[in-house]
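Keep in mind that the numbers below use all heavy atoms, side chains included, and drop hydrogens, waters and symmetry copies.
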Amino acid sequence: MADPDPSTRPSARDPELGFPPPGEVLHRLRTQRGMSLRQVAAECGLSVSFLASLERGETDIALERLGRLAKVFDHDVGSFLGFSRGRATPSVFPREEQETLNRAPGVVYRVLRSPELGYQVVTGDFQPGCGLTEDLQHEGTDLVMITGGTLVARYNGVDHELRAGDCIQWSAGHPHTFRNDGEEPAQMVVVLFSSLY
């Protein structure tokens, strides 16, 4: 049996086109969000079979349809395809919707997740005389900024006293912890370049 007309078959992605295959982007974003093809289809008005075919690289997508698909993930066409890191609309994280973790008596963390950018932001509030009760160790890198009061950051057995405005960065694979030895509350913001919470 002869091959179908080559002009009707999708060709291998030409890297010279300068953008990633939309089906690969779709698969990555919906997996990060924990969405099924059926959920994506319901939001963008495209069929499940079309989206499945797009993910497999068996079909292409028109610009107007791509715009509808990108909107499901709060992107415009440019950011969906990676031409800019920003979305078409800002991401707002209302305080009441942030995950709150009581890490230790007098220590409260709030976690902001931004999976499409590959990092987490954690804010920490430490009451006077309070601190974490165990050392932390995890993959990735941490960037810590003290936003209020004074905190002691203990890293690999060495204490570093940090005041409001001070920053410290480290490889998170070594033991680290935080405590507030002062008489005033203290706050920090940590950017974790790996998923911990």
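Remark: R110 CZ to E97 CD distance equals 13.5 Å, nearest 0.5 Å. To the nearest 0.5 Å, the span separating SG on C130 from CG on D181 amounts to 10.5 Å. Rounding to the nearest 0.5 Å gives a distance of 5.0 Å between CD1 of I146 and CG of L162. Taken from CZ in R68 to SG in C44, the straight-line distance is 6.5 Å, to the nearest 0.5 Å. With values rounded to the nearest 0.5 angstrom, R163 atom CZ is found 11.5 Å from L151 atom CG. Here the straight-line distance linking atom OG1 of T147 with atom CD of Q187 works out to 5.0 Å at 0.5 Å rounding.
Pairing each heavy atom of P185 with each of P128, the nearest pair is N-CG, 3.9 Å. Closest approach of A41 and S47 over heavy atoms only: CB-C, 4.1 Å. Counting all heavy atoms, side chain and backbone alike, V25 lies closest to F80 at CG1-O, 3.1 Å. Contact detail for E99 and L101: the closest heavy-atom pair is OE2-CD2, 3.5 Å.
Screening V107, V152, V144 against F178 for a side chain to side chain contact (heavy atoms under 4.5 Å, CB included) leaves a single residue, V144.
Q98 contributes a side-chain N or O that, together with a main-chain N or O of F93, makes up a donor-acceptor pair within less than 3.5 Å. Using modelled atom types, no side-chain atom of R154 and backbone atom of T177 make a donor-acceptor pair closer than 3.5 Å. No donor-acceptor pair closer than 3.5 Å links the side chain of R103 to the backbone N or O of L132. At least one donor-acceptor pair under 3.5 Å links the side chain of Q137 to the backbone N or O of G173. A donor-acceptor pair is defined here as one N or O able to donate and one able to accept, closer than 3.5 Å; such a pair exists between the side chain of Q39 and the backbone of S36. Checked by atom type and distance alone, the side chain of R65 never pairs as donor or acceptor with a backbone atom of L46 at under 3.5 Å. Side-chain atoms of N180 come within 3.5 Å of backbone N or O of F126 as a donor-acceptor pair.
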Checking L81 against H75 for the side chain to side chain contact (heavy atoms under 4.5 Å, CB included) test, could you report, in this order, the C-alpha distance in whole Å, the side-chain angles of both residues, the deciding distance, and whether it holds? CA-CA 9 Å; L81 294 176; H75 282 275; over 6 Å; no
Check step by step if side chain to side chain contact (heavy atoms under 4.5 Å, CB included) holds for L37 and R30. CA-CA 8 Å; L37 282 172; R30 76 172 183 83; 3.5 Å; yes
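A 4.5 Å side-chain heavy-atom check between P175 and L136 finds every atom pair outside the cut-off. A 4.5 Å side-chain heavy-atom check between Y109 and V190 finds every atom pair outside the cut-off. Taking the side chain as every heavy atom from C-beta outward, H174 and D135 never approach each other to under 4.5 Å. In this structure the side chain of H138 reaches within 4.5 angstrom of the side chain of L192, judged on heavy atoms. A heavy-atom distance below 4.5 Å is found between the side chains of Y155 and S171. Side-chain contact between L69 and P22 is absent, with no heavy atoms from C-beta onward closer than 4.5 Å.
No path of Ile, Leu, Val, Met, Phe, Trp and Tyr side chains, each step under 4.5 Å between heavy atoms, connects M145 with V121, placing them in separate hydrophobic clusters. Under a hydrophobic-cluster definition in which Ile, Leu, Val, Met, Phe, Trp and Tyr are linked whenever side-chain heavy atoms come within less than 4.5 Å, directly or via other members, L63 and V72 are assigned to the same cluster. Placement of L51 and M35 within a single hydrophobic cluster is found when ILVMFWY residues are connected by side-chain heavy-atom separations under 4.5 Å, directly or transitively. Clustering ILVMFWY residues whenever any of their side-chain heavy atoms sit less than 4.5 angstrom apart, transitively, puts F193 in the very cluster that holds V189. Each of L112 and V108 belongs to its own hydrophobic cluster when Ile, Leu, Val, Met, Phe, Trp and Tyr are linked at side-chain heavy-atom distances under 4.5 angstrom.
For CD of E139, the number of neighbouring non-hydrogen atoms (other residues, nucleotides, ligands) closer than 6.0 Å is 12 at most. Counting non-hydrogen atoms of other residues, nucleotides and ligands closer than 6.0 Å to CD of Q169 gives a total above 12. Heavy-atom contacts from other residues, nucleotides or ligands closer than 6.0 Å to CD of E134 number more than 12. Summarising the local packing, CZ of R56 is surrounded by more than 12 heavy atoms from other residues, nucleotides or ligands at distances under 6.0 Å.
We find that R179 and D159 are joined by a salt bridge, their nearest charged nitrogen and carboxylate oxygen being less than 4.0 Å apart. A salt bridge does not link R28 with E24: every distance from a Lys NZ or Arg NE/NH1/NH2 to an Asp or Glu carboxylate oxygen is 4.0 Å or more.
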